[in-house]
Amino acid sequence: MVATNVKAETMSLMDKRSALEAEMNAIIARLSQPGAPGVSGGLVDSEGFPRSDIDIPVVRAERHRLAELRNDHKEITEKINQNIQILHSARLESNDDGSETQTSSTTDTVALMTSQNVLMRHSPNSMDVDVLISRPFAMVDEIADASPAVEDGLQLGDQILKFGDVEAGDNLLQRLSSEAQSNMGRAVPVVIVRQGIVINLTVTPRSWQGRGLLGCHFRIL
């Protein structure tokens with residue numbers, strides 16, 4: 001019964017998170033349109049006056065709403081990951097005779113989570129599945145047209161699970177930059193979450209007409 005309740009709660013949280021992601025992506029897309037200031041660009045011109053080419057109150061409202069959504073998304077993701085760990089622990093239950101059974105509720109949830117932000121692998125010694133909790137550590141919040149990032153398949157709102165050898169930890173922006181620079185001209189494997197689906201890509205950092213080697217900006221989650 002406990003596993004069933006946790007499963008129901010987790011599925012509800014996943015639906016809420018998907019709705020948050022859709023709203024976040026819509027806001028990011030609006031803020032990143034040609035001529036728009038992006039999610040962090042300046043709202044004043046070179047002389048320090050408010051920019052006349054954008055609706056500053058609207059931009060500020062959009063950014064404020066995006067910040068709220070990001071906080072809600074973080075809280076929901078943390079709760080989902082806690083529930084996954086509970087379900088994974090409950091998945092194998094010991095019987096009186098010492099054998100192990102797998103409940104259908106937790107099995108369904110484990111299968112469901114593989115289409116979200118959870119990676120799955122088979123144990124070398126059995127057909128049991130080990131669920132590895134993997135949380136995105138960054139998100140593409142700005143991306144330039146015709147950039148290497150776009151040409152290689154990255155999209156606005158993509159959440160990064162792995163970029164080359166970078167997965168998590170400290171100094172992530174510095175490590176991401178170093179990973180791109182050290183692999184200039186070479187394909188870098190990237191694992192992302194896009195609309196709840198785990199996707200494997202390769203991105204090749206390279207010189208182009210715009211700034212940087214990728215032409216996108218990562219926001220650390």
Side-chain angles (χ1 to χ4, degrees), residues 1-32 39 61-95 100-123 127-143 153-163 167-169 172 190-201 218-221:
M1 178 63 73
V2 173
T4 301
N5 292 339
V6 174
K7 173 192 172 184
E9 180 187 44
T10 303
M11 294 180 68
S12 176
L13 288 171
M14 289 168 61
D15 289 339
K16 291 179 180 179
R17 187 173 65 175
S18 294
L20 290 176
E21 290 172 348
E23 187 175 353
M24 290 167 61
N25 288 339
I27 292 175
I28 293 172
R30 289 194 294 270
L31 291 174
S32 302
V39 298
E62 293 265 60
R63 288 179 174 179
H64 179 71
R65 177 57 180 162
L66 183 60
E68 292 179 336
L69 291 169
R70 284 170 171 170
N71 289 334
D72 292 343
H73 186 276
K74 181 179 179 181
E75 291 178 3
I76 289 178
T77 298
E78 289 175 352
K79 180 59 177 176
I80 288 174
N81 287 337
Q82 291 172 5
N83 284 1
I84 295 172
Q85 294 180 39
I86 293 172
L87 289 168
H88 184 51
S89 298
R91 186 169 62 91
L92 296 177
E93 298 178 343
S94 296
N95 290 334
E100 293 180 331
T101 60
Q102 190 174 37
T103 63
S104 60
S105 62
T106 53
T107 301
D108 292 343
T109 302
V110 168
L112 178 62
M113 299 311 293
T114 62
S115 67
Q116 302 295 322
N117 65 337
V118 176
L119 303 180
M120 186 175 70
R121 66 179 173 84
H122 288 286
S123 167
M127 291 304 292
D128 289 337
V129 173
D130 295 327
V131 177
L132 305 179
I133 307 303
S134 183
R135 292 181 54 185
F137 65 85
M139 182 174 72
V140 179
D141 65 355
E142 292 187 36
I143 192 165
L154 281 178
Q155 295 181 12
L156 196 66
D158 284 348
Q159 297 178 343
I160 311 300
L161 288 169
K162 185 175 181 180
F163 185 93
E167 295 186 61
L172 286 169
V190 181
V191 183
I192 66 169
V193 176
R194 179 181 298 161
Q195 297 181 346
I197 304 300
V198 177
I199 300 174
N200 290 281
L201 299 172
F218 296 114
R219 182 181 67 82
I220 303 304
L221 300 175

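Remember, predicted model here, so these are calculated numbers, not experimental data.
Atom-to-atom distance recorded for E167:CD and L172:CG is 11.0 Å, nearest 0.5 angstrom. Of the inter-residue distances, the one linking E23 atom CD with E68 atom CD reads 9.5 Å to the nearest 0.5 angstrom. Rounding to the nearest 0.5 Å gives a distance of 12.0 Å between CZ of R219 and CD1 of I160. Between the CD1 atom in I76 and the OG1 atom in T10 there is a gap of 12.0 Å [rounded to 0.5 Å]. Taken to the nearest 0.5 Å, the NZ atom of K16 stands 11.5 Å off from the CD atom of E75. Interatomic distance, H64 NE2 to L69 CG, rounded to the nearest 0.5 Å: 10.0 Å.
Put simply, the side chain of T77 reaches to within 4.5 Å of the side chain of H73, judged on heavy atoms. With contacts defined as side-chain heavy-atom distances shorter than 4.5 Å, the pair R70/D141 qualifies.
Of the possible polar contacts, one joining the S18 side chain to the M14 backbone as a donor-acceptor pair under 3.5 Å is found.
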Determine, stepwise, if the pair R194 / L201 fulfils side chain to side chain contact (heavy atoms under 4.5 Å, CB included). CA-CA 12 Å; R194 179 181 298 161; L201 299 172; 4.2 Å; yes

Candidate pair F218 and V140, rule side chain to side chain contact (heavy atoms under 4.5 Å, CB included), full reasoning: CA-CA 5 Å; F218 296 114; V140 179; 3.7 Å; yes

Intermediate values then yes/no, side chain to side chain contact (heavy atoms under 4.5 Å, CB included), N25 and L156: CA-CA 7 Å; N25 288 339; L156 196 66; over 6 Å; no

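Partner of L161 under the side chain to side chain contact (heavy atoms under 4.5 Å, CB included) criterion, out of V190, V198, I199, N200: V198 alone.
Taking every heavy atom of both residues into account, I143 and L154 meet most closely at CD1-O, 3.6 Å. Of all the heavy atoms in Q159 and P136, the pair that sits closest is OE1-CG, 3.4 Å.
With salt bridges taken as basic N to acidic carboxylate O contacts below 4.0 Å, none links R65 and E62.
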